[in-house]
Number of protein chains: 2
Amino acid sequence: MSVTMRDVAAEAGVTPVVVSRVLHNKAQAVRVSDKTAERVREAAIKLGYNCNVWARNFRSQETFTIGVLHGVGFSRPMFDRGSRYFASLMDGIVEGAFRHGYSVNLCPRLLGQHPESAISDGRFDGLVWYSNNYTAENRAMLLQCPVPLVLIHAPEQMFEGKFSTVICDNHQGIGLAIEHLVHLGHRQISFIYEGDQPSLESQIRIEAFKRQMAERSLPVSETSILRTGWGGEGLDEYLSSRHLHTAIIANNEWLASEILLRAPRLGVRVPEDISVVGFDSTAYCNELQPKLTAIFQPLVALGNSAIDLLVDTIKADAPTPRHLVIPCGFDIRNSTQPINSE
Amino acid sequence: MSVTMRDVAAEAGVTPVVVSRVLHNKAQAVRVSDKTAERVREAAIKLGYNCNVWARNFRSQETFTIGVLHGVGFSRPMFDRGSRYFASLMDGIVEGAFRHGYSVNLCPRLLGQHPESAISDGRFDGLVWYSNNYTAENRAMLLQCPVPLVLIHAPEQMFEGKFSTVICDNHQGIGLAIEHLVHLGHRQISFIYEGDQPSLESQIRIEAFKRQMAERSLPVSETSILRTGWGGEGLDEYLSSRHLHTAIIANNEWLASEILLRAPRLGVRVPEDISVVGFDSTAYCNELQPKLTAIFQPLVALGNSAIDLLVDTIKADAPTPRHLVIPCGFDIRNSTQPINSE
DNA sequence: GTGAAAGCGCTAACAC
DNA sequence: GTGTTAGCGCTTTCAC
């Protein structure tokens, strides 16, 4: 079907090996006469030869492809609407990969319900994991992963430091939010997460929240940490209850958006009755009403750095895992205001 | 390094061929005794064997990978901020690809300055082109493309119908916008595009605009079609001039956002002084101030359908190019209002 | 029922 | 300088 090295070799009257040497700059290493080289080049052009990278990579057992992996039970990430969380992360991953000459592959099996088999099926030089859904199932899968792997959103201790990790500085980020709220006069502040159990990173944030509150002698109790279902179940009850909090920090933009959506229906005004702070601070915050004040998670940088670490791991013979913590920022928009400022 | 078929064969005391047959459901076609099959399966599990898909695909000369291609001179598309144009398109492409069991590959060479060589380097079963930057250079590249290719945003006639195409119904979409504006009392309407020359699709829209205006006996002249530079150059002059238009249709969201951004600085109010309609209508419209009324381009559907057509092309021996036109929608937000309604 | 041979397109190692 | 051999991991074909 398409022109191979053999065809070029035949045309030039040499063997494929010579063609390989001429066309891939090894001419100096293994000497080929100028005349032959010229003949080969002409033949290649004449036949419109194009090196089959797939075959070449197969031979060298490299794919120059990075796979994006997420946990069992997740549905395919979407770019189109809602938080730009995944969009930002992907921008970082793609940018990093391109910088190192790698492709990024979105694979139906890797992003499907059973990534296990696709993980080490030879198509990926390395993998990036971005979920923080560390179920026993997922832990087992990652631990057995025979391919270079970097974990985004995982702390250093994860898997005894076996893998390189990147994570934002949750403690500092939560601190920024509390500092902002305190500055506005808030003292009764809560943190809310979604799901049955707090995810690993939610746990980290909860701990950070407690410490940062305690350090400022702000009240923390059982009721400071709130939980809602995957669909926001329980939010209405909380909002319409006579809770004490004047401000709430949500674990992510989706959760914050649910609060912003439900509050007015229940006669609760944001930010007049309650200030809301989100997490991530992608451009999506500007779509919300009111625009969402949020802790900025440096997702592009996380993706970017993850690839740096991954390429390190791929290239090194005996890689030493590295662990990056990237500072958060804070973007003030319209969902927070001074207490009693009505 | 990793466990191969050979290893399993050795463990089970058979040849790799038998392993291949047992493990890939060909047991019925070429009979293998139950006992042998069982032994092979046990060996595979014992050794933790995982079929190397890369090698298998290499052998069958398929990659099950679709590449995303854009024109020379474009920079890498971003998901993170601005219009969600590319995000929506990718959602459709990924969704379609996954539905057919294909991976989507973002390749630095394919999305770089010189895609030519990467186009047919063996790594892609098919390609999706989404640019409408049909320079001579790009036309030549596409025409020579030896790999199945589908063009998004291209009309049927493109390349004499050689490739399958998907495009939104620009004529109908522009009609929806004009209808909406007319309904609000506007008669002096302009269309604006960006760049030195109108892109192919801009040309289509310009023609659609002229026809749709003429059909309603609305005024169209030289000055109805406006042009700005790639950075919005000329917009300020237009906005601060004593133009006659009461409404303007922008070729895309970026261009509309530039108008929304610049107008207030020049003392022009949107929509009081001029109504603005955008094109694409991604979630980004909700980030703008005022929220942008826009013609909805079904980008997810375009991406989705492009993959259907592409897989058709890949699978068929002698594919017949097909040409899809997908209707637009219209989303009324806050950047348009009745004329003289102040 | 099972195995031997051959080859996808390319290149490293070694011969001459 | 150039060619021969061999092999990446897999599967199709054909022989037994």
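Reminder, nothing fancy here: chain letters follow the sequence lines and each chain counts from 1.
Residue contacts shown for A/Thr36 are limited to sugar-phosphate atoms, with no base heavy atom under 4.0 Å away.
Listed pair A/Gln61 / D/dG7 fails the phosphate criterion, with no side-chain N or O lying under 4.0 Å from OP1 or OP2. Residue B/Ser33 places at least one side-chain N or O under 4.0 Å from the OP1 or OP2 atom of C/dT2.
A side chain to side chain contact (heavy atoms under 4.5 Å, CB included) with A/Tyr102 is found for exactly one of A/Ile307, A/Leu310, A/Ile314, namely A/Ile314.
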Subject >> A/Trp54 and B/Asp121: CA distance, side-chain angles, deciding distance, side-chain contact (heavy atoms from CB on, under 4.5 Å) verdict >> reply: CA-CA 7 Å; A/Trp54 178 263; B/Asp121 67 5; over 6 Å; no

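No hydrogens or angles considered: nothing links the side chains of B/Asn105 and B/Thr65 as a donor-acceptor pair under 3.5 Å. Under the 3.5 Å distance criterion, with hydrogens and angles disregarded, a donor-acceptor pair is assigned to the side chains of A/His100 and A/Asp308. Checking A/Ser120 against B/Asn50 by side-chain atom types alone, a donor-acceptor pair falls below 3.5 Å. For B/Thr63 and B/Asn57, the side-chain atoms include no donor-acceptor pair closer than 3.5 Å. Between A/Arg109 and A/Ser117, the side chains place a donor N or O and an acceptor N or O closer than 3.5 Å (distance only, hydrogens not considered).
Using a 4.0 Å cut-off on heavy atoms, the residues of residues 42-58 of chain A that approach DNA chain D are A/Phe58, listed by number.
One interatomic measurement links the two molecules: CG of A/Asp34 to P of D/dG1, which rounds to 9 Å at whole-angstrom precision. Rounding to whole angstrom units, CG of residue B/Leu23 and P of D/dG9 are separated by 16 Å. Here the C1' atom of nucleotide D/dT11 and the CD atom of B/Glu62 are 13 Å apart, to the nearest Å. In this structure, the NZ atom of A/Lys35 is 14 Å from the C1' atom of D/dT2, given to the nearest Å.
Listed candidates were D/dT4, C/dG9, C/dT11. Nearest to the side chain of A/Met5 is C/dT11.
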I'd like a list of close polar pairs between nucleotides 5-7 of chain C and the protein, N/O only, cut-off under 3.5 Å.
from	atom 1	to	atom 2	distance (Å)
C/dG7	N2	B/Arg59	NH1	2.9

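Listed by chain and number, the residues in a side chain to side chain contact (heavy atoms under 4.5 Å, CB included) with B/Thr165 are B/Leu151, B/Ala154, B/His323 (sequence neighbours excluded). With sequence neighbours left out, the ring-ring contact (aromatic ring centres under 6.0 Å, His included) criterion links A/Tyr85 to A/His153. Taking B/Phe86 as the reference, B/Phe79, B/Tyr130 meet the ring-ring contact (aromatic ring centres under 6.0 Å, His included) condition, with sequence neighbours excluded.
Side-chain N/O atoms of A/Arg21 and base N/O atoms of D/dG1 include no donor-acceptor pair closer than 3.5 Å.
A rotation axis mapping the C1' atoms of four pairs onto the next four is fitted at both ends of the helix from C/dG1-D/dC16 to C/dC16-D/dG1 over five pairs, and the angle between these axes is 50° to 10 degrees.
The nearest pair of heavy atoms linking A/Asn304 to A/Gly96 is OD1-CA, 3.6 Å.
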